[in-house]
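Let me begin by presenting the structure, written as structure tokens, before commenting on it.
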Amino acid sequence: MGLDFTVVPGYFGVLLMGAGWTIAITLCAGLLSFFGGIVFAVVALYGHWALRLPVRGFAFLFMGTPLLLQLFLIYFGLIQIGIDLPAFVAGVIGLGLHFAVYNSELIQASILAVDKGQYEGARTLGLSRGQALRRIVIPQAVRAVTPPMGNNMIALLKDSALVSVIGVMELTLAAQQAISRTYRPFEFYLAVAFCYYIINLGLEAGLRHLERRNAASR
Amino acid sequence: MTDQAFITIKNAAKSFGALKVLRDINLTVQRGQIVAIIGPSGSGKSTLLRAINELDPLSSGEVWLEDVQINKRLPHRQYEAHVNQVRQDIGMVFQHFNLFPHLTVRGNITLAPRMLKGLSEAAANTLAEEQLAKVGLSEKIDEYPSRLSGGQKQRVAIARALAMKPKVMLFDEATSALDPELVEEVNLVMKQLAEEHMTMIIVTHEMDFAASVCDRVLFMDQGVVVEEGPPSVIFQNPAEERTRNFLRKHLSR
Amino acid sequence: MDVDLILRVYPFFLEAAWVTIQLSVLTAVLGLICGTLGAAARMSRLAVFRWIAAVYVSVIRGTPALIQIFILYFGGPQIGIQLDSFAAGTIALGVNIGAYMTETIRGAIQSVDRGQVEAARTLGMSRWQATRNVVLPQAARLMIRPLGVNINALIKGTALVAPISVIELTYTAQRFIGSTYKPFEMFLLSGLLYMIIIYVVGQGIKWLDRRARIT
């Protein structure tokens with residue numbers, strides 16, 4: 001059948017919209033995975049045992065199974081219990097929770113690695129346990145672990161392609177739309193691969209910038 | 001023939017980028033001589049030693065072993081073959097031993113003779129046993145390096161180098177990484193080698209040892225040989241100010 | 001929880017698990033081959049090979065694996081490559097994980113202490129002799145655990161062939177969710193099987209790692 005890349009420019013608009021949605025999903029899910037990660041980590045380490053168990057179990061489940069499977073669970077599961085969310089929201093929740101779990105593991109390790117002296121210094125000044133953790137230990141732990149969490153963010157961007165399977169109108173689905181009209185899968189999938197690569201470069205640059213700002217404020 | 005030049009270094013110079021580490025060094029070592037090179041960190045003494053067997057090739061100058069130029073400029077393939085061949089005649093002992101952790105002591109010693117000199121397994125084993133006996137570690141032949149003390153590891157490293165029957169032995173701060181009580185056992189082995197008239201070039205911080213074993217001492221500083229002579233002169237009555245300053249800081253007396 | 005349903009449909013999931021296992025094994029093998037070639041190229045003395053390998057790693061790691069699968073399966077026919085979904089999925093995933101393994105293997109080789117190479121070369125060994133007899137045996141031990149991490153991700157990554165209708169665990173879960181409207185049970189069933197596969201493989205990696213540490 002051969003290749004004909006001239007069909008691609010005609011669909012720039014569609015692809016651009018898709019790219020926009022991909023970036024939106026990545027940022028929203030990224031924020032969710034960042035804060036969710038901190039919450040999970042704190043509960044897993046310091047929470048009441050009734051909360052710790054389910055959180056640990058949930059983490060175990062979500063780290064041992066594929067993301068795609070988890071997306072199906074969340075999307076169809078929510079519908080089952082009566083919550084009919086738009087695919088975008090279900091996608092953000094799915095991606096966000098998945099990576100929150102991985103971030104939580106990183107953060108837990110980082111919290112435990114924060115020098116004991118920091119905590120003791122805070123307590124001897126009179127801070128309560130909660131204050132010492134909240135103001136001294138956790139901020140340092142989170143600072144230390146932002147580079148590996150950045151890697152998770154990059155993985156999240158690539159995995160955002162999976163939400164096309166539950167119908168979110170991001171880049172991959174946009175490509176599929178174009179393909180259904182032009183019957184040229186190679187050209188369009190190659191084009192969106194290129195788009196993802198460019199977005200990835202942008203994300204990496206953004207993360208490096210954050211890194212530098214992070215390090216500068218020490 | 002005892003005065004035949006063994007190792008000759010002519011106009012050796014080495015730069016790392018803009019940094020001149022060696023500046024116009026000339027050195028001749030006779031067969032059977034024991035030469036010590038002392039000096040502060042950064043003086044270039046290790047660099048000079050490592051240039052002899054082309055581990056860190058010179059930027060300019062020549063290094064000769066007897067009548068063979070070690071750092072000959074050749075087309076790549078031939079250069080590699082030439083250097084590999086020459087290195088069989090030069091034994092080197094490192095500060096951090098560099099024993100192969102995945103092989104036993106026996107394996108460490110027999111690897112190169114079997115691979116490069118075509119020795120049979122039986123011949124190589126005999127050779128290994130001989131060399132280990134020389135350094136006093138026969139009973140450790142089937143141990144792995146991780147089970148040995150630092151002094152034992154270094155003695156095995158010496159045995160490994162000797163197994164290739166080198167013409168000259170280079171020692172790069174061989175005892176600097178050892179706990180003080182383990183230094184003596186290595187020094188003893190080196191003394192024994194000296195008594196057997198092995199040609200040795202020793203980079204060291206151990207002034208006492210250098211004084212007792214060596215025929216000549218070179219003091220290097222900032223890439224040049226500041227002074228050289230017999231130990232009695234260098235250590236008791238150095239001519240140069242720099243030498244005196246260095247020795248004052250380092251001698252235990 | 002509809003236990004009845006689970007008991008009725010689990011045979012389908014066992015069959016699907018077997019497909020997942022096959023996908024995992026084939027992908028891992030292909031990945032190791034690509035990873036070894038990639039690492040060798042990355043560290044080659046010829047700039048051309050280094051460049052090709054660097055591009056390979058950058059492009060594959062910088063784009064979604066799902067898209068790579070789609071390009072090969074859906075786009076392949078346009079450039080003369082006609083593969084069935086199982087083959088396309090396996091090859092795309094193998095090439096994908098190969099890029100990650102390239103870095104893992106390269107990292108292990110480069111983490112072998114430089115002094116080892118110096119000692120070997122000092123004895124008169126050529127570059128290749130030193131690499132083969134001193135560096136590689138040590139690197140092989142070092143790379144077992146991190147390759148285990150790659151393989152863990154690989155097993156979960158096989159789910160990506162579900163969208164091209166390979167009848168593995170995730171596809172089967174999706175299919176039964178569609179017909180039974182019981183997402184929790186289907187998730188549990190397939191999730192459990194994934195975790196068993198991952199656990200068994202993980203134990204195998206640990207065993208290999210322990211055996212490698214003789215010293």
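Here is the naming used below: chain letters follow the sequence lines, and residue numbers restart at 1 for every chain.
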Structural part of C:A65 lying under 4.5 Å from a heavy atom of chain A: neither
What part of C:T158 is in contact with chain A, defined as an atom under 4.5 angstrom from a non-hydrogen atom: side chain, backbone, both or neither? neither
Tell me, for C:L66 versus chain A, whether the close heavy atoms (under 4.5 Å) come from the side chain, the backbone, both or neither. side chain
Leading residue by heavy atom contact count with chain C [cutoff under 4.5 Å; candidates A:Y189, A:F60, A:F188]: A:Y189
Any side-chain heavy-atom pair of C:L14 and C:L193 under 4.5 Å: yes
Is it the case that the side chains of A:E187 and C:Q78 hold a donor-acceptor pair, with the cut-off being a distance below 3.5 Å and no angle test? yes
Quick one: of A:N200, A:L69, A:T65, A:L162, who has the most non-hydrogen atom pairs under 4.5 Å with chain C? A:L69
Where on A:S160 is there a heavy atom nearer than 4.5 Å to chain C: the side chain, the backbone, both, or neither? neither
Distance in Å, C:K182 NZ paired with A:Q80 CD, rounded so as to fall on 0.5 Å steps: 6.5 Å
State whether a side-chain donor-acceptor pair under 3.5 Å links A:T172 with A:Q176. no
Ignoring hydrogens and geometry beyond distance, is a side-chain donor-acceptor pair present between A:T182 and A:Y11 at under 3.5 Å? no
Are C:F176 and C:F13 near enough that their ring centres are under 6.0 Å apart? yes
With a 4.5 angstrom heavy-atom cut-off, which part of A:Q70 approaches chain C: side chain, backbone, both or neither? both
